[in-house]
Amino acid sequence: GDANANAAPNAVSPASLRAPPSAHCSHLASSARTASRVLQSLSGEKRVALLLRIADLLEERTNTIMAANADDVARADAQGTLPPATRQRLALKEGKIKQVAAGTR
């Protein structure tokens, strides 16, 4: 099967992470606008089902999310360019993922 069959259509690719930050942010903003339009076009029932699935996936993939975040934090620490307050916001705690999942529900 296709390794990307379950990937989000606007998922962040490794290549996009190598782009300048402004280009990456523009891509993310564009993807968010597209996703917003898609969500608005869904029936209320489908939108609720999708949000519940997103919450479930956040919880199911907490370890993956935490590992990717740890990599991001390590990379930021190695570069030494983030102000301490920004670095603190970057570092996720597992409870935050649970909180986001609960808020999504």
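These numbers come from the heavy atoms of this one structure, side chains and all, not from hydrogens, waters or symmetry mates.
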Chemist: List the residues meeting salt bridge (charged side-chain N to carboxylate O under 4.0 Å, His left out) with R33, not counting sequence neighbours, and say none if there are none.
Modeler: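 By the salt bridge (charged side-chain N to carboxylate O under 4.0 Å, His left out) rule, R33 matches no residue at all.
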Chemist: Applying side-chain contact (heavy atoms from CB on, under 4.5 Å), can you list everything that pairs with Q79, at least two apart in sequence or on another chain?
Modeler: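 If we apply the side-chain contact (heavy atoms from CB on, under 4.5 Å) test to Q79, skipping adjacent residues, the hits are R75, T81.
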Chemist: Can you name the closest pair of heavy atoms from A101 and A55 and give their distance?
Modeler: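 In terms of heavy atoms, the two residues are closest at O-CB, 3.4 Å.
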Chemist: Counting distance only, does the side-chain N/O of N69 pair as donor-acceptor with the main-chain N or O of A91 below 3.5 Å?
Modeler: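 Answer holds: no.
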Chemist: Rounded to the nearest 0.5 Å, what separation is found between the CZ atom of R53 and the CD atom of E60?
Modeler: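 Reported value, rounded in 0.5 Å steps: 5.0 Å.
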Chemist: With distance as the sole test, does T34 use its side chain to make a donor-acceptor pair with the main-chain N or O of S30 at under 3.5 Å?
Modeler: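 A pair under 3.5 Å: yes.
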Chemist: Between S31 and H27, is there a donor-acceptor pair closer than 3.5 Å when you use the side chain of the first and the backbone of the second?
Modeler: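 Yes, S31 side chain to H27 backbone: donor-acceptor pair under 3.5 Å.
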Chemist: Using a strict threshold of under 4.0 Å (side-chain N to carboxylate O), is an ion pair present between R87 and D72?
Modeler: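 Salt bridge absent between D72 and R87.
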Chemist: The criterion is side-chain contact (heavy atoms from CB on, under 4.5 Å); which residues satisfy it with I54, sequence neighbours excluded?
Modeler: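 Scan of I54 (side-chain contact (heavy atoms from CB on, under 4.5 Å), adjacent residues dropped) gives L50, L51, L58, T104.
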Chemist: Can you hop from V100 to L57 via hydrophobic side chains spaced under 4.5 Å?
Modeler: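 No; L57 is not reachable from V100 via cluster members.
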Chemist: Quick one: hydrophobic cluster around V73, which other residues, with the 4.5 Å side-chain cut-off, linked directly or via members?
Modeler: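 Direct or chained contacts put V73 with L82, L90.
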Chemist: Please assess I97 against E59 for the test side chain to side chain contact (heavy atoms under 4.5 Å, CB included), listing each intermediate value before the final yes or no.
Modeler: CA-CA 7 Å; I97 296 171; E59 291 177 343; 5.8 Å; no
Chemist: Hydrophobic side-chain clustering at under 4.5 Å (ILVMFWY, transitive links): who's grouped with V48? Put none if nobody.
Modeler: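 Reading the cluster by chain and number, V48 sits alongside L52.
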Chemist: Who are the salt bridge (charged side-chain N to carboxylate O under 4.0 Å, His left out) partners of R47, not counting sequence neighbours?
Modeler: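 With neighbours one apart ignored, the set is empty.
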